[in-house]
Amino acid sequence: MDLTLSPEQSLLVDLVRRFVREEIVPLEFNLDPDGDELEAADKARLIEKTKAMGLYGLDIPPAFGGPDIDLVTRTLLAIEMSQHRAGLYAPCYGVFGGAGLAQLFEANDAQKQKYLHPVLRGEKRGFFGLTEPSGGSDPARAIRTKAVRDGDFWVINGSKIFISGADKAQFGLVFARTEPENGRNGVTCFIVDTDTPGFRVRRVVHTLRSAHYATELSFENMRVPHENILGKVNSGFAIANERLTRQRIPYAAGCIGVAIKAHQMALEYVPQRETFGAPLSSRQAIQWMLVDNEIDIRQSRWLTLEAAAKADRGEPFRTEAAMAKLVATEAASRVVDRCMQMFGGYGVTKDFPFERWYREMRIRRIGEGPSEVQRHIIARELLDSPLR
Ligand SMILES: Cc1cc2nc3c(=O)[nH]c(=O)nc-3n(C[C@H](O)[C@H](O)[C@H](O)COP(=O)(O)OP(=O)(O)OC[C@H]3O[C@@H](n4cnc5c(N)ncnc54)[C@H](O)[C@@H]3O)c2cc1C
């Protein structure tokens, strides 16, 4: 596989790289080390710039007004966009715009009008409600939230946990069991307005992540109109799965970007820092850490671009996406850890971004399907069709 960038890709990568270095990183000197929001005026100014660059709304399909960017190029840009302190969970502080919940591109016209278009205009936010207290690794079996039909409505009872952003959302996707005996074919996706009686954000769940906390939700006799079903009754798990598979590629790319930045900082630092009469870079113990970083980064980048290329070609990419997610999250965790070690005491201060990356990177091996689940997906494929 040829990983050489096309002239157009090189141009875009350079553009975004310069944008991050010249526009985003300088602002972080004046932000709280745990912050994930820019000043409103800065954000508005930078959004104008990304619009002028033709890169606003990167994840919005061209049919809805977004730029026409394939997944390989999108992955290359995601690798650039995370190369700053808040980059893992707030790449470029959102100034490239977001597409919100990708499932809504499959919504019917009325649903698009009510939910998708306001999200694209930045007027509404949505959440993705799959995980429950009974478990997130195998949601098809774990979902206990129940929806029972009552005329033109469904009555939903149950709860969700670890749901990002539900306290600031106007609506969300809630996956509920509609056929108890039917496993993954008995789950339906409902679009739920957060002002529906019976919907409650029970509490905020704080995690290692700096700012974007998660929430716990409860639903008590929450009545949702039948017309708010996304897709078909009992087809919700396929909707969730499709999104999770595709999302693993940019998720991996964000980790690679942080690893690259940490590694670059270490490469600049170790020739300057002297101990026992010689620069750190002259020590084999340090050189080996740098070598291991380089290999970790290259293998993650290769696997992630391979997954994106397969998706772009319209081929099955579930196994490749699982490998990219697994390898990039684990490799980037090791890279950040080694870089902290090379920076010594400075590595653990909030004067440098390593401690934030270290904390937030830990979540990446659990969120969007933990490492064990990715291995499970890959193993299933291997055992079904060993040695291709
Ligand atoms: C900060 C944060 C934000 C999140 N945001 C969202 C969100 O917006 N929406 C949403 O729906 N979910 C969200 N999640 C939930 C996340 O997807 C789940 O935490 C994850 O899927 C794991 O589920 P669990 O925590 O219930 O772990 P469990 O399913 O209980 O698993 C526990 C551990 O056992 C391991 N394990 C599971 N099965 C096996 C096996 N067969 N063999 C070996 N090991 C196994 C798992 O890998 C895991 O390490 C978020 C989580 C976090 C931490």
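All ligand and atom numbering here is 1-based and tracks the order in the structure. For clarity, every value in this text was computed on a predicted model and none was experimentally measured.
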Cut-off 3.5 Å, no hydrogens considered: what does the side-chain donor-acceptor table look like for residues 70-77, sequence neighbours left out?
from, atom 1, to, atom 2, distance (Å)
D70, OD1, V72, N, 3.2
D70, OD1, T73, N, 2.8
D70, OD1, T73, OG1, 2.8
D70, OD2, T73, OG1, 3.1
T73, OG1, Q9, NE2, 3.2
R74, NE, D59, OD1, 2.5
R74, NH2, D59, OD2, 3.1
T75, OG1, L71, O, 2.6

### Task
With a 4.0 angstrom cut-off on heavy atoms, strictly below it, pick out the residues next to ligand 1 and order them by chain and number.
F128, L130, T131, G135, G136, S137, F162, I163, S164, R209, I363, I366, E368, P370, E372
### Summary
So the salt bridge (Lys or Arg N to Asp or Glu O under 4.0 Å) pairs with at least one residue in residues 269-279 (sequence neighbours excluded) are none
### Query
Do D337 and R362 sit within salt-bridge range, that is, some charged N less than 4.0 Å from a carboxylate O?
no
### Message
I need the single residue from N182, N185, T178 that forms a side-chain hydrogen bond (donor to acceptor under 3.5 Å, both in side chains) with N234. Which is it?
### Response
T178
### Query
Can you list every salt bridge (Lys or Arg N to Asp or Glu O under 4.0 Å) pair that touches residues 156-167, not counting sequence neighbours?
E132-K160
### Message
For E294, is there an ion pair with R301 - N to carboxylate O distance below 4.0 angstrom?
### Response
no
